[in-house]
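One structure is given here, and the rest of the page talks about it.
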Amino acid sequence: MSAMPLARMHRPLSIALSLLLLASVAVPVHAVEPLDTFSIKLGGYASRFDTQLSVDGGNLEGTEIDLDRDLNLDQDSTIGLVGISWRPFEHHEFGLNYYQDDVSATKVLQRDIVFDGVTYETDTTVRAERNLDTYEAYYVWWAASHENWALGPRLGLVWYNLDFGIDLTVDANGNPVGSGAGFDRDANGDVPAPAIGGGWRWTPADDWRISADLGYFSADISDVDANVTYARAGVEWFPWDNWGFWVDVTANRIDADLKKDDFRGNFDFREEGVRVGVAYRF
């Protein structure tokens with residue numbers, strides 16, 4: 001799959017901005033509370049995905065591959081994002097975010113690489129592709145909820161669905177090989193990244209809200225042995241009662257050993273970036 005077209009990312013933003021303009025008629029402005037009953041966010045994510053992975057195959061241990069350095073799969077992307085939150089009870093909030101990043105490239109290898117039992121030799125040309133779907137889910141129990149701030153324990157889960165493939169296209173002597181119809185080897189794996197921590201919301205002024213979430217987790221569960229660190233901090237501005245703008249920065253680190261049927265190896269992943277968009281709330 002190719003990188004997400006900009007038009008695909010801009011379409012929800014254009015719709016949201018149009019609705020925002022319609023909502024900008026003379027509407028009485030009320031003070032923003034620390035917590036919403038419901039919200040939906042549309043935005044863009046200027047992200048950096050720094051990934052190293054290895055995939056074992058047969059009796060061969062896979063080489064640790066840096067997807068940017070070794071295969072020219074760009075770390076930096078601008079992608080679309082959609083998120084919702086819902087607080088059905090006074091102290092209980094649930095949320096879900098989704099975004100996707102796809103990238104492909106061709107590279108002349110500078111060293112031998114062993115991937116899924118196949119050795120790709122130095123000076124051969126390979127085609128590689130990485131598709132990443134990300135689902136963020138969380139629950140917060142707002143144990144302390146006051147007029148202009150709220151604080152509580154948070155349970156979060158970032159679920160990565162990674163699809164990675166590599167294909168030999170030109171051998172070391174410059175001869176084309178392969179049909180180009182698919183990949184010599186590919187691996188697909190789900191990487192769950194739970195994090196236990198806390199959430200905080202503060203409204204320092206009528207139209208402004210500041211938020212932060214932190215989490216950490218380390219455990220060996222079933223076929224995944226992982227260490228996870230998660231952090232997010234953001235600012236929201238609501239010049240209208242229900243509509244406003246938001247920006248936040250995020251950082252997520254995962255170091256996982258996977259022992260799945262179709263993905264046996266290591267996944268070392270750093271995600272960080274700036275997200276910005278529009279929000280509807282009540």
Side-chain angles (χ1 to χ4, degrees), residues 12-13 16-17 19-20 23-24 27-48 78-99 134 136-158 193-217 228-253 270-282:
L13 285 175
L17 287 172
L19 293 173
L20 182 60
S24 63
V27 176
V29 176
H30 303 284
V32 176
E33 297 178 348
L35 304 176
D36 297 327
T37 300
F38 176 84
S39 72
I40 182 168
K41 293 182 177 180
L42 298 174
Y45 185 13
S47 58
R48 181 178 180 86
T78 301
I79 55 182
L81 175 145
V82 60
I84 61 172
S85 70
W86 179 43
R87 189 167 55 94
F89 308 105
E90 182 179 359
H91 294 283
H92 303 274
E93 180 178 315
F94 302 87
L96 180 67
N97 296 319
Y98 171 75
Y99 48 95
T134 306
E136 289 184 10
Y138 71 85
Y139 162 75
V140 183
W141 173 47
W142 295 110
S145 181
H146 298 275
E147 182 178 356
N148 66 342
W149 65 274
L151 180 70
R154 179 183 187 274
L155 174 63
L157 174 67
V158 183
I196 300 173
W200 173 68
R201 306 290 183 267
W202 176 44
T203 52
D206 285 351
D207 304 335
W208 295 86
R209 180 165 56 201
I210 297 174
S211 62
D213 300 306
L214 293 171
Y216 177 78
F217 190 79
V228 179
T229 305
Y230 176 83
R232 187 200 66 83
V235 176
E236 297 167 276
W237 175 50
F238 289 94
W240 300 277
D241 190 17
N242 301 107
W243 291 90
F245 306 92
W246 61 275
V247 60
D248 65 21
V249 293
T250 65
N252 201 14
R253 167 70 190 272
R270 293 185 181 94
E271 173 194 354
E272 56 190 30
V274 178
R275 311 188 296 191
V276 61
V278 295
Y280 172 78
R281 59 166 290 276
F282 62 82

- Item | His92, Arg154, His91 screened by side-chain contact (heavy atoms from CB on, under 4.5 Å) with Val140, the one that passes | Arg154
- Item | N/O donor-acceptor pair under 3.5 Å between Trp86 side chain and Phe38 backbone | no
- Answer yes or no: is there a donor N or O on one side and an acceptor on the other, between the side chain of Arg87 and the main chain of Asp36, under 3.5 Å? yes
- Message: Please evaluate residues Asp206 and Val32 with respect to the criterion side chain to side chain contact (heavy atoms under 4.5 Å, CB included), reporting the C-alpha separation (whole Å), side-chain torsions for both, the decisive distance (0.1 Å), and the verdict.
- Response: CA-CA 6 Å; Asp206 285 351; Val32 176; over 6 Å; no
- Where Ala195 and Val228 come nearest, the two heavy atoms and their spacing: CB-CG1, 4.5 Å
- Message: Using every non-hydrogen atom in the two residues, find where Ala231 and Leu214 come nearest and quote the distance to one decimal.
- Response: CB-CD2, 3.7 Å
- Message: Could you measure the distance from the CG atom of Leu81 to the CG atom of Asn97? Nearest 0.5 Å is fine.
- Response: 5.5 Å
- Between Ile210 and Pro204, what is the shortest heavy-atom contact and its length? CD1-CG, 4.1 Å
- Query: Can you check side chain to side chain contact (heavy atoms under 4.5 Å, CB included) on Trp243 and Arg281, steps first, answer last?
  - Reply: CA-CA 6 Å; Trp243 291 90; Arg281 59 166 290 276; over 6 Å; no
- Task: Just do the salt bridge (charged side-chain N to carboxylate O under 4.0 Å, His left out) check on Asp213 and Arg201 with the steps written out, would you?
- Result: CA-CA 9 Å; Asp213 300 306; Arg201 306 290 183 267; 3.3 Å; yes
- Task: Show your working on side chain to side chain contact (heavy atoms under 4.5 Å, CB included) between Ser47 and Tyr99 and close with a plain yes or no.
- Result: CA-CA 11 Å; Ser47 58; Tyr99 48 95; over 6 Å; no
- Note on the structure: For Val158, the side-chain contact (heavy atoms from CB on, under 4.5 Å) test, sequence neighbours excluded, returns Thr134, Glu136, Tyr160, Ala193, Tyr230, Asn252
- Message: Taking the ring of Trp208 and the ring of Trp237, is the distance between their centroids below 6.0 Å?
- Response: yes
- Go through Ile196 and Tyr216 one step at a time and tell me if the side chain to side chain contact (heavy atoms under 4.5 Å, CB included) criterion holds. CA-CA 5 Å; Ile196 300 173; Tyr216 177 78; over 6 Å; no
- Item | Side chain Thr203, main chain Asn148, donor-acceptor under 3.5 Å | yes
- Query: Going by heavy atoms in the side chains, are Tyr138 and Ser85 under 4.5 Å from each other?
  - Reply: yes
- Message: Tell me the closest heavy-atom pair linking Phe245 and Pro239, and the distance in Å.
- Response: CE1-CG, 4.2 Å
- Message: Are the side chains of Trp246 and Lys41 in contact, using a 4.5 Å heavy-atom criterion?
- Response: yes
- Task: Look only at the side chain of Arg275 and the backbone of Thr250, and say whether a donor-acceptor pair between them is shorter than 3.5 Å.
- Result: no
- Query: Would one find more than 12 heavy atoms of other residues, nucleotides or ligands at under 6.0 Å from atom CZ of Phe282?
  - Reply: yes
- Taking every non-hydrogen atom, the tightest pair across Ala137 and Leu96: CB-CD1, 4.1 Å
- Message: Could you measure the distance from the CG atom of Leu155 to the CZ atom of Phe217? Nearest 0.5 Å is fine.
- Response: 9.0 Å
- In Å and rounded to the nearest 0.5 Å, what is the CZ to CD distance from Arg48 to Glu272? 6.5 Å
